[in-house]
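Shown next, in structure tokens, is the structure this report addresses.
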Amino acid sequence: QTIKLNDKNNITLIGLGAIDDFELNLGLNDNVTDPETFQRNEYILGYLPVTTQWNYTFGGNWTHYKENSFQTIVLSRNHLNNSSKKYANNIESQENLLQNYNSQEIENKFRFENTIRKNGWKLNYGIGYEFCQYTNSTFLKIPLLDTNTTIEFESNFNFHKFAYFAQGSKKLFENKLILSLGVRTDHNSYSDDMSNPLRQLSPRFSLAYAFSKKASFNFNIGRYYQLPAYTVMGYRDSTETLLNKQNNITYISNDHIVAGIEYNPTNFCKITIEGFFKNYSNYPFLVNKNISLANLGGDFGVIGNEEVTSTSNGRAYGLEFLTQQKLSKNFYGILAYTWVRSEFKDQYNNFKPSAWDNGHIISLTAGKKFKKDWEIGVKFRFSGGSPYTPYDTLNSSYIQVWNVTNMGLLDYNQLNELRLKANHGLDIRIDKKWYWKKMALNLYLDIQNLYNFQAETPPSLIVLTDTDGNRLINPNDNSRYQTGTIQNPTGTVLPSIGLQFEF
């Protein structure tokens, strides 16, 4: 909600919240007769934890206008709660407990900015402050070949974050050249390694030069810093020590350079092509797995809740092409193509594809408006296959290991050496709108994955069972299960109908 106090003062208030409460469908295999489907469902139910998440954010923005400037004060609070629990065979008893994780992240934020426009200059500067609170309760069984161990700890801490920033820009040569120079620094009270603002000094520079009314050259270079995830910062070892703090973890650093050409053949059309290079340093490196956190990817579970060091390095580079047709003659469209390589070094200091190394990415969005306020839009998306790491079949099959993990262990000596097939899909949406003086109504039909493309995901390593569902022991080694693999195609046609009211 925006409240206009007077001609010089506005206040904006906003609040959002969400609850995600999942449960396992333990009757998933009822009446399932296909053996492969049965095994796939059993595998998923075997390893998937029960996850609950809720979060909210609310805040206010006060803006005060002066003749050549305006000042902004922002106050906000956000709160995230995560919990994840898993029992062996999904039997909820204390002796079957494999994982019990709960964490909370709370941030109370303040930011002040002053923006000045005078004599062709634009100057923006300000400060930011956050008071952060983090709690983590972890119980996790870790599989070993001869026995199993348990990680169990309670962690909580709070710290202060500070930011200072300034940026100035100027138009020159009859507005043909725009120069911008900025600097920012962040620091916090978590550790001595992060408390010195000079260590996170991040300058940025950009320019735009118009060759003509239709073509321009754009360039920017800068350094950026990002705090590691609170999950990493809050990890404690068996002695209740903040181990990663003791390991001198610090801000992730990213140096990047971007250059490109923009061409506007008409007032409604824009074409851009850009090249980019990004260099990452101080990225979290997982000590026990001997891989970069960037090579791990994302899955169900808790990521980063373990010992790390700020020693991983990586890079990303590529080209981006975009052409945009703004709404003209009732038609609009955007075509974007990206060729990208994303790589991080492994334990042997060799570059390996990261979880985001998709190669080719295409997005096409188009739409047309018809008479009587009908509109149809389509979106096509294509992404090259993601890299993945094969299983360590031998160590995964040990009974002592599988009874804890209920899934295969990855062979990080073959880090991301395999790659999935490309995936793609088509979405379509039809809208009909009605307008009145103080209200508008939008009725729409949305169909995602129109032609039901089945995307490939990494195959799953499973333990074979008999007709009664009992796990089969390896006849040549009674310390191991018999294993096999199943494919995991994903994708379905997802239609939906909706109404939108605007007052």
Side-chain angles (χ1 to χ4, degrees), residues 1 11-22 49-62 72-85 99-113 126-140 151-165 184-195 197 200 224-237 240-252 284 293 298 300-308 310:
Q1 182 179 0
I11 293 178
T12 301
L13 302 175
I14 189 171
L16 297 170
I19 298 175
D20 293 307
D21 193 359
F22 299 93
V50 175
T51 301
T52 302
Q53 182 184 100
W54 57 259
N55 64 84
Y56 67 82
T57 182
F58 64 87
N61 178 325
W62 171 66
T72 302
I73 292 177
V74 181
L75 292 171
S76 66
R77 173 184 171 92
N78 57 271
H79 188 169
L80 170 65
N81 181 88
N82 266 318
S83 65
S84 181
K85 187 175 288 188
Q99 174 186 309
N100 188 7
Y101 169 86
N102 182 265
S103 70
Q104 295 196 42
E105 302 174 11
I106 304 173
E107 296 175 327
N108 301 283
K109 302 180 180 182
F110 164 83
R111 188 176 81 251
F112 168 78
E113 290 189 41
I127 59 173
Y129 167 77
E130 296 181 30
F131 178 64
C132 308
Q133 298 168 278
Y134 177 76
T135 63
N136 181 335
S137 174
T138 294
F139 174 92
L140 180 65
I151 294 177
E152 188 172 8
F153 66 86
E154 300 279 340
S155 181
N156 64 84
F157 63 87
N158 56 66
F159 66 107
H160 306 273
K161 295 164 64 175
F162 306 90
Y164 317 95
F165 53 91
R184 178 187 172 100
T185 187
D186 296 85
H187 65 106
N188 64 67
S189 63
Y190 173 79
S191 67
D192 292 340
D193 290 272
M194 300 189 191
S195 63
Q200 285 78 238
Y224 301 86
Y225 286 95
Q226 179 181 338
L227 198 65
Y230 292 152
T231 309
V232 171
M233 298 172 65
Y235 173 73
R236 294 182 185 269
D237 63 8
E240 298 298 312
T241 300
L242 285 171
L243 186 58
N244 294 328
K245 178 179 179 180
Q246 184 173 289
N247 287 347
N248 300 322
I249 61 168
T250 188
Y251 284 84
I252 300 168
L293 185 62
F300 291 97
V302 181
I303 305 299
N305 195 31
E306 55 187 290
E307 183 180 0
V308 309
S310 292

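For the numbers below, each heavy atom of this structure counts, side chains included, while hydrogens, waters and symmetry mates do not. Numbering of residues begins at 1 and proceeds along the displayed sequence.
Relative orientation of the H79 and Y56 rings is perpendicular, given thresholds of 30° and 60° on the angle between their planes.
Judged as a salt bridge (charged side-chain N to carboxylate O under 4.0 Å, His left out), and not counting sequence neighbours, the contacts of E130 are K161. In this structure Y224 satisfies the ring-ring contact (aromatic ring centres under 6.0 Å, His included) test together with H256, sequence neighbours excluded. Looking at residues two or more places apart in sequence or on another chain, you find a salt bridge (charged side-chain N to carboxylate O under 4.0 Å, His left out) between R184 and D186. Take E154 and apply the side-chain hydrogen bond (donor to acceptor under 3.5 Å, both in side chains) test, not counting sequence neighbours, and it matches S137. Scored by the side chain to side chain contact (heavy atoms under 4.5 Å, CB included) test, N82 finds Q53, L80, Y101, S103 as partners (sequence neighbours excluded). Residues satisfying the side-chain hydrogen bond (donor to acceptor under 3.5 Å, both in side chains) criterion with N78, sequence neighbours excluded, are E107. Every residue two or more places apart in sequence or in another chain that forms a side-chain hydrogen bond (donor to acceptor under 3.5 Å, both in side chains) with T52 is listed here: D21. Checked against side chain to side chain contact (heavy atoms under 4.5 Å, CB included), S155 has the following partners two or more places apart in sequence or in another chain: N136, F153, F157, R236, L242. Evaluation of the side chain to side chain contact (heavy atoms under 4.5 Å, CB included) rule for N61 yields T12, T63, T72, V74 as partners, not counting sequence neighbours. Not counting sequence neighbours, the partners of F131 by the ring-ring contact (aromatic ring centres under 6.0 Å, His included) test are H160. Residues that satisfy the side chain to side chain contact (heavy atoms under 4.5 Å, CB included) test with S310, not counting sequence neighbours, are I249, T250, N282. Remark: N108 engages R77 in a side-chain hydrogen bond (donor to acceptor under 3.5 Å, both in side chains) (not counting sequence neighbours).
For the pair N100 (side chain) and S83 (backbone), a donor-acceptor distance under 3.5 Å is absent.
Side-chain contact between M233 and L227: present, with at least one pair of heavy atoms (C-beta onward) separated by less than 4.5 Å. Side-chain contact between Y129 and I127 is absent, with no heavy atoms from C-beta onward closer than 4.5 Å.
Atom CD of Q200 is separated from atom OG of S195 by 8.5 Å, given to the nearest 0.5 angstrom. Note: Q226 CD to I252 CD1 = 5.0 Å, rounded to the nearest 0.5 Å. With rounding to the nearest 0.5 angstrom, the CG atom of D20 is 11.5 Å from the CG atom of N81. Atom-to-atom distance recorded for L16:CG and N55:CG is 9.0 Å, nearest 0.5 angstrom. Distance CD1/I11 to CH2/W62: 8.5 Å, rounded to 0.5 Å. Expressed to the nearest 0.5 Å, how far CD of E307 lies from CG of N244 amounts to 6.5 Å.
Minimum interatomic distance between F22 and V50 (heavy atoms only, all atoms of both residues): O-CG1, 3.3 Å.
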**OP:** Check step by step if side-chain contact (heavy atoms from CB on, under 4.5 Å) holds for E152 and T138.
**Re:** CA-CA 5 Å; E152 188 172 8; T138 294; over 6 Å; no
Subject >> Stepwise side-chain contact (heavy atoms from CB on, under 4.5 Å) check, Y190 with Y230 >> reply: CA-CA 11 Å; Y190 173 79; Y230 292 152; over 6 Å; no
Subject >> Working for side-chain contact (heavy atoms from CB on, under 4.5 Å), residues I106 and T135 >> reply: CA-CA 9 Å; I106 304 173; T135 63; over 6 Å; no
**OP:** Test side-chain contact (heavy atoms from CB on, under 4.5 Å) on D193 and Y251 and set out the steps.
**Re:** CA-CA 9 Å; D193 290 272; Y251 284 84; over 6 Å; no
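Counting only N and O atoms by type, the side chains of H187 and Y225 include no donor and acceptor under 3.5 Å apart.
The neighbour count for D192 CG, taken as heavy atoms of other residues, nucleotides or ligands under 6.0 Å away, does not exceed 12.
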